[in-house]
Asks: 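One structure, pasted below without further comment.
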Amino acid sequence: MAGLIVRAVKSVAAEEGWSQEILKPVLDRGLRLEWPKKEEFGDLSTPFVLGLSKGLGKPPRVLAEKVLQAINHDPESQILLKKIEIAGPGYINLTLSSSFLLEFLEAVISSDDLVEKVSIPRSINVEFVSANPTGPLHVGHGRGAAFGDSLARILREVGHRVSTEYYINDAGNQMNMLGKSVYLAFRKLEGTFTPEEKSRLLGDQDGYRGDYIPDIAKKIRDEQTLLSPEVRSEALAGQFTDRVQSAFTHVAQTEIMAGIREDLRRFGVSFDRFFSEKTLHETPGGDGLPRIGHWIDLLERESGGIVYESEGAVWFRTTAMGDDKDRVLKKSDGSYTYFAADIAYHADKIERGFETLVDVWGADHHGYQARMQAVVKTLSGRVGKAVDLKVCLIQLVSLLREGKAVSMSTRAGEYVTLGEVLDEVGVDATRFSYLTRSHESSLEFDLAKAKERSMDNPVFYVQYAHARVKSLLAQAALRNVRHESFNVQDLAVLSEPAERSLIRLLAQFSGVLLRAAESFEVHPLTDYLTTLAGAYHHYYFHHRILSSEEKDRPVMIARIGLSIAVSRVLKKGLSLLGVSAPDTM
RNA sequence: GCGCCUGUAGCUCAGUAGGAUAGAGCGUCGGACUUCGAAUCCGCAGGUCGCAGGUUCGAUUCCUGCCAGGCGCACCA
């Protein structure tokens, strides 16, 4: 369709001698086609001549008229279009021909592939959740999980090569603190806990305090094989040796990660890879150094001063890329910062050949963005190919119950876990609710409303539309109405405006997905499905589909076909959100 | 102090790379079930798009400055 218009513009340009500079911005970016809000404005619409008018010094409507003539002369327009109009300040509004719409509908009913693919597939890595294995996932992680997983599904659906990844922050002080917290809980169980020991291990810090800590301690006490006999006897004797530290840390992390994986599985989220930060510290790189050291040294040598040594530490010159101060990579005690590990991790991803890196972070990490962009820019410059980093910042989720805030404090271990929300609300409603809003807006998640079957909670509205079609088909089967294939002739009897509107909406599905993939957003799909479900409910209420009158049979068949098309798109869309499309509710 | 996100109907939010009369749902009020599932549908009301400037033929959208809320600014992770 865009091709048709581009051809027309070019032919007019040739005739009128328009300069390339003026046309370039319009044609390069591809022609922008909008879906007009009102059907009286046609099925597709473009305001692009408005942008052209200034450069050419002619009124937009005059230009639009020329383009319109050229489109009319194109033989393809006879097939695709029913009507072209100029409206408003200079919009060109296109109304699709019914033969085009019916062919499209036929394809939706019978084709295996409902979704258009991108012309240039990319190799994309989507990293999300990546919660520290120091406690169960909470509602905030849930939002990131739903978003990242659905985004990955959408990117894959439109034809990109997508790999999903969870980065486990399993190195550093937080993990040691976790091990100590479990150790102290273990001592408590044994009745040998003392406040002195706690302050010796943790100083004035509290450690981790959630319910899961004593649970893990109990498990260690009850399952002999979790600790070696030596470690166990040291722990029982109150000797907090290095190997006690590492054994308790290891068990705690394993248990917690198992819980996280289980929550993710229930939530319908899967990862192609779990990437351990610890392996970056341990595995030697090409020159025998740990991989972090490998990358930092390499950058120091090759980055032309972007990585430099000063005051006994190694720094990254992030100020050169807009950060407000330079950041330390290697501390003066020789250990690496978290930032250094993250550089190594992103270097690794780039080395594995991804062209686009998507990082899904909690919004509280936004201060990190400028520096990661700087890193990826530097690293990809080194590899000699442009690697894009797209950071998606997921805003806060505030949990409510009947409008009242549920108080949460991660520090004190008082928070509602994702698992608890899934128990109470269910997977479908939770995922859908998370994805109804832009990830850049903070989200109010009301547990009571999320369970309600009302438009407060549109997941049921969309699922119901799908179930309605299935129920209709079952009803049709009972009446011995069978029809395997629907061709354009069968469908041509659809003449109601509401039917045309539905087909028009179905035709937007691919575009919604392509645009969502381009802008790395998910909620446009959620909105679209709600709109489509609404249009079907409206249609269903006002039009009788099944009929026992023989004369109505052709219309009945066509309406069944249309209903099938709607249900297929709903089902595909819901599946991209990770939401089921049940046949009955 | 610096930086990021947000400010649109009573509430929760959409608003497509500057374009047509700014849209949904909820809530309020009033209607529609002998008929394929009423978990549905139809209607009414509701707006100075935070405020003030600027760019433009045209600004909710871009720029500047304020105001308000949230979140960041470690040789922590």
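What you see is a predicted model; the values in this text were computed from it and never measured. In what follows, every chain begins at residue 1, and chains take the letters A, B, ... in the order their sequences are listed.
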Asks: Please give the distance between the P atoms of B:U55 and B:U64 as a whole number of Å.
Replies: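 Here B:U55 and B:U64 have their P atoms 15 Å from each other.
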Asks: Taking the ring of A:Phe147 and the ring of A:Phe128, is the distance between their centroids below 6.0 Å?
Replies: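 No; A:Phe147 has its ring centre 6.0 Å or more from that of A:Phe128.
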Asks: Give me the distance, rounded to whole Å, that separates B:G15 from B:G1 when you measure between the P atoms they each carry.
Replies: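 Those two atoms are separated by 32 Å.
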Asks: Mind checking side chain to side chain contact (heavy atoms under 4.5 Å, CB included) for A:Val158 and listing every partner two or more places apart, or none if nothing turns up?
Replies: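 A:Val115, A:Val118, A:His160, A:Leu513, A:Leu514, A:Ala517.
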Asks: Just call it for A:Ser519: base, sugar-phosphate, or nothing, with non-hydrogen atoms closer than 4.0 Å on any strand.
Replies: nothing
Asks: For a quick test of reading the model: is some side-chain N or O of A:Tyr461 closer than 4.0 Å to OP1 or OP2 of B:C41?
Replies: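 Yes, because at least one side-chain N or O of A:Tyr461 sits under 4.0 Å from OP1 or OP2 of B:C41.
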Asks: Flag as yes if A:Tyr464 stacks onto the base of B:G37 (centroids under 5.5 Å, planes under 30°), otherwise no.
Replies: no
Asks: Please state the P separation for the pair B:U56 and B:U61 - nearest whole angstrom.
Replies: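 Roughly 16 Å separates the two P atoms.
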Asks: Output yes when at least one side-chain N/O atom of A:Lys37 is less than 4.0 Å from OP1 or OP2 of B:G15, else no.
Replies: no
Asks: Using a 4.0 Å heavy-atom cut-off, write out nucleotides 1-6 of chain B from 5' to 3' as B (base contacted by protein), S (sugar-phosphate only) or - (no contact).
Replies: --BBSS
Asks: Hey, are A:Glu309 and A:Lys330 close enough for a salt bridge, meaning a charged N less than 4.0 Å from a carboxylate O?
Replies: no
Asks: For a stem of at least 3 consecutive Watson-Crick or G-U pairs with distances under 3.5 Å, i pairing with j, i+1 with j-1 and so on, which stems involve RNA chain B?
Replies: B:1-7 with B:67-73, B:10-13 with B:23-26, B:29-32 with B:40-43, B:50-54 with B:62-66
Asks: In whole Å, what separates the P atom of B:G23 from that of B:G43?
Replies: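 Their P atoms lie roughly 15 Å apart.
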Asks: Please figure out whether A:Glu521 or A:Ala171 has its closest RNA chain B nucleotide nearer the 5' end.
Replies: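 Per heavy-atom nearest nucleotide, the more 5' residue is A:Glu521.
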Asks: Classify A:Asn169 by what it touches in the nucleic acid, base, sugar-phosphate, or nothing, heavy-atom distance under 4.0 Å.
Replies: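 Here A:Asn169 touches no strand at all.
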Asks: Give a yes or no on whether the backbone of A:Gln395 and the side-chain of A:Arg143 come within a donor-acceptor separation of less than 3.5 Å.
Replies: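 Checking the backbone N and O of A:Gln395 against the side chain of A:Arg143, a donor-acceptor pair under 3.5 Å is found.
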Asks: With a 4.0 Å cut-off on heavy atoms, is A:Arg437 in touch with a base, just the backbone sugar-phosphate, or nothing at all?
Replies: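 Here A:Arg437 touches the bases of the nucleic acid.
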Asks: Is the shortest side-chain N/O distance from A:Lys449 to OP1 or OP2 of B:G25 below 4.0 Å?
Replies: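 Indeed not, no polar side-chain atom of A:Lys449 lies that close.
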Asks: Without swapping roles, check the side chain of A:Arg291 against the backbone of A:Asp348 for a donor-acceptor pair under 3.5 Å.
Replies: no
Asks: Rounding to a whole Å, what distance do you find between A:Glu34:CD and B:G23:C1'?
Replies: 15 Å
Asks: When you measure only distances, ignoring hydrogens and angles, does the side chain of A:Asp342 come within 3.5 Å of the base of B:A77 through a donor and an acceptor?
Replies: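 Result: no qualifying N/O pair found.
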Asks: Who pairs with A:Ala131 by side chain to side chain contact (heavy atoms under 4.5 Å, CB included), at least two apart in sequence or on another chain?
Replies: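 Side chain to side chain contact (heavy atoms under 4.5 Å, CB included) check on A:Ala131 returns A:Val129, A:Leu137, A:His141, A:Tyr166.
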Asks: Specify the separation, in whole Å, of atom NZ of A:Lys331 and atom P of B:A74.
Replies: 14 Å
Asks: Between A:His365 and B:C71, is there a contact of a side-chain N or O with OP1 or OP2 at under 4.0 Å?
Replies: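 No, outside the criterion.
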Asks: Using the P atom as the reference point in each nucleotide, state the distance between B:G47 and B:U8 in Å, no decimals.
Replies: 14 Å
Asks: Nearest of B:G70, B:A14, B:C75 to any side-chain atom of A:Leu396?
Replies: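 Taking heavy atoms from C-beta onward, the closest nucleotide is B:G70.
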Asks: Is the backbone of A:Ser580 close enough, under 3.5 Å, to the side chain of A:Asp428 for a donor and an acceptor to pair up by distance?
Replies: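 Checking the backbone N and O of A:Ser580 against the side chain of A:Asp428, a donor-acceptor pair under 3.5 Å is found.
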Asks: Whether the side chain of A:Thr530 engages the backbone of A:Thr526 through a donor-acceptor N/O pair (distance < 3.5 Å, no angle test) should be reported.
Replies: yes
Asks: Can you figure out which of B:C41, B:A38, B:A20 approaches the side chain of A:His538 most closely?
Replies: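 Per side-chain heavy atoms of A:His538, the pick is B:C41.
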Asks: B:A22 and B:C36: how far apart are their C1' atoms, nearest whole angstrom?
Replies: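 Between the two C1' atoms, the distance is 38 Å.
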Asks: A:Tyr464 and A:His537: aromatic ring centres closer than 6.0 Å?
Replies: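 Yes, close enough.
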Asks: Answer syn or anti for B:C33, where the cut-off is 90° from 0 on the glycosidic torsion.
Replies: syn
Asks: For A:Leu546 and A:Arg544, work out which heavy atoms get closest and say how close.
Replies: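 For A:Leu546 versus A:Arg544, the nearest heavy atoms are O-NE, 3.0 Å.
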Asks: A:Leu50: which residues meet the side chain to side chain contact (heavy atoms under 4.5 Å, CB included) condition with it, sequence neighbours left out?
Replies: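 A:Leu50 satisfies side chain to side chain contact (heavy atoms under 4.5 Å, CB included) with A:Pro47, A:Pro60, A:Pro89 only.
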Asks: To the side chain of A:Tyr338, which of B:C13, B:A74, B:A77 is closest?
Replies: B:A77
Asks: From CE of A:Met585 over to P of B:A38, roughly how many Å is that when rounded to an integer?
Replies: 13 Å
Asks: Atom NZ of residue position A:Lys83 - does it have more than 12 heavy atoms of other residues, nucleotides or ligands inside 6.0 Å?
Replies: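 Check fails, neighbour count at 12 or below.
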Asks: Can you tell me if A:Gln373 uses its side chain to pair, donor with acceptor, with the backbone of A:Leu389 under 3.5 Å?
Replies: yes
Asks: Expressed as a whole number of angstroms, how long is the span from A:Leu532:CG to B:A24:P?
Replies: 17 Å
Asks: Could you work out the separation of B:G54 and B:C75 based on their C1' atoms and round it to a whole Å?
Replies: 45 Å
Asks: Where does B:A17 land, syn or anti, once you apply the within-90°-of-0 test for syn?
Replies: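 Syn conformation here, the glycosidic angle of B:A17 being no more than 90° from 0.
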Asks: Which one, B:C75, B:A77, B:C13, comes nearest to the side chain of A:Lys325?
Replies: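 Output: B:C75.
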Asks: Which of these nucleotides, B:G37, B:A77, B:A20, is closest to any side-chain atom of A:Gln174?
Replies: B:A77
Asks: Have a look at A:Lys38 and say if it touches a base, only the backbone sugar-phosphate, or nothing, with a 4.0 Å heavy-atom cut-off.
Replies: base
Asks: By nearest nucleotide on RNA chain B, pick out whichever of A:Ser438 and A:Tyr368 is the more 5' one.
Replies: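 The 5'-side residue here is A:Ser438.
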Asks: Tell me the interatomic distance from A:Arg327, atom CZ, to B:C75, atom C1', rounded to whole angstroms.
Replies: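 Taking atom C1' of B:C75 as the reference, CZ of A:Arg327 is at 12 Å.
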Asks: Atom pairs, N/O to N/O, protein against nucleotides 32-36 of chain B, distance under 3.5 Å?
Replies:
unit_1: B:U35; atom_1: O2'; unit_2: A:Arg544; atom_2: NH1; d: 3.0
unit_1: B:U35; atom_1: O2'; unit_2: A:Arg544; atom_2: NH2; d: 3.3
unit_1: B:C36; atom_1: O4'; unit_2: A:Arg544; atom_2: NH2; d: 3.2
unit_1: B:C36; atom_1: N1; unit_2: A:Tyr540; atom_2: OH; d: 3.4
unit_1: B:C36; atom_1: O2; unit_2: A:Ile545; atom_2: N; d: 3.4
unit_1: B:C36; atom_1: O2; unit_2: A:Leu546; atom_2: N; d: 2.8
unit_1: B:C36; atom_1: N3; unit_2: A:Ile545; atom_2: N; d: 3.1
unit_1: B:C36; atom_1: N4; unit_2: A:Tyr540; atom_2: O; d: 2.5
unit_1: B:C36; atom_1: N4; unit_2: A:His543; atom_2: O; d: 2.8

Asks: Salt bridge check: are A:Lys278 and A:Asp170 linked by an N-O gap of less than 4.0 Å?
Replies: no
Asks: Please check: side-chain N/O of A:Ser433 versus main-chain N/O of A:Asn457, any donor-acceptor pairing under 3.5 Å?
Replies: no
Asks: Distance check needed: B:C26 P versus A:Leu443 CG, whole Å only.
Replies: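 A:Leu443 atom CG is separated from B:C26 atom P by 18 Å.
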Asks: For atom P, what is the distance between B:C11 and B:C51, given to the nearest Å?
Replies: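 15 Å, rounded to whole Å.
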Asks: CG of A:Asp326 versus P of B:A74: gap in Å, rounded?
Replies: 13 Å
Asks: Just the rounded figure in Å: distance from C1' of B:G37 to OH of A:Tyr536.
Replies: 11 Å
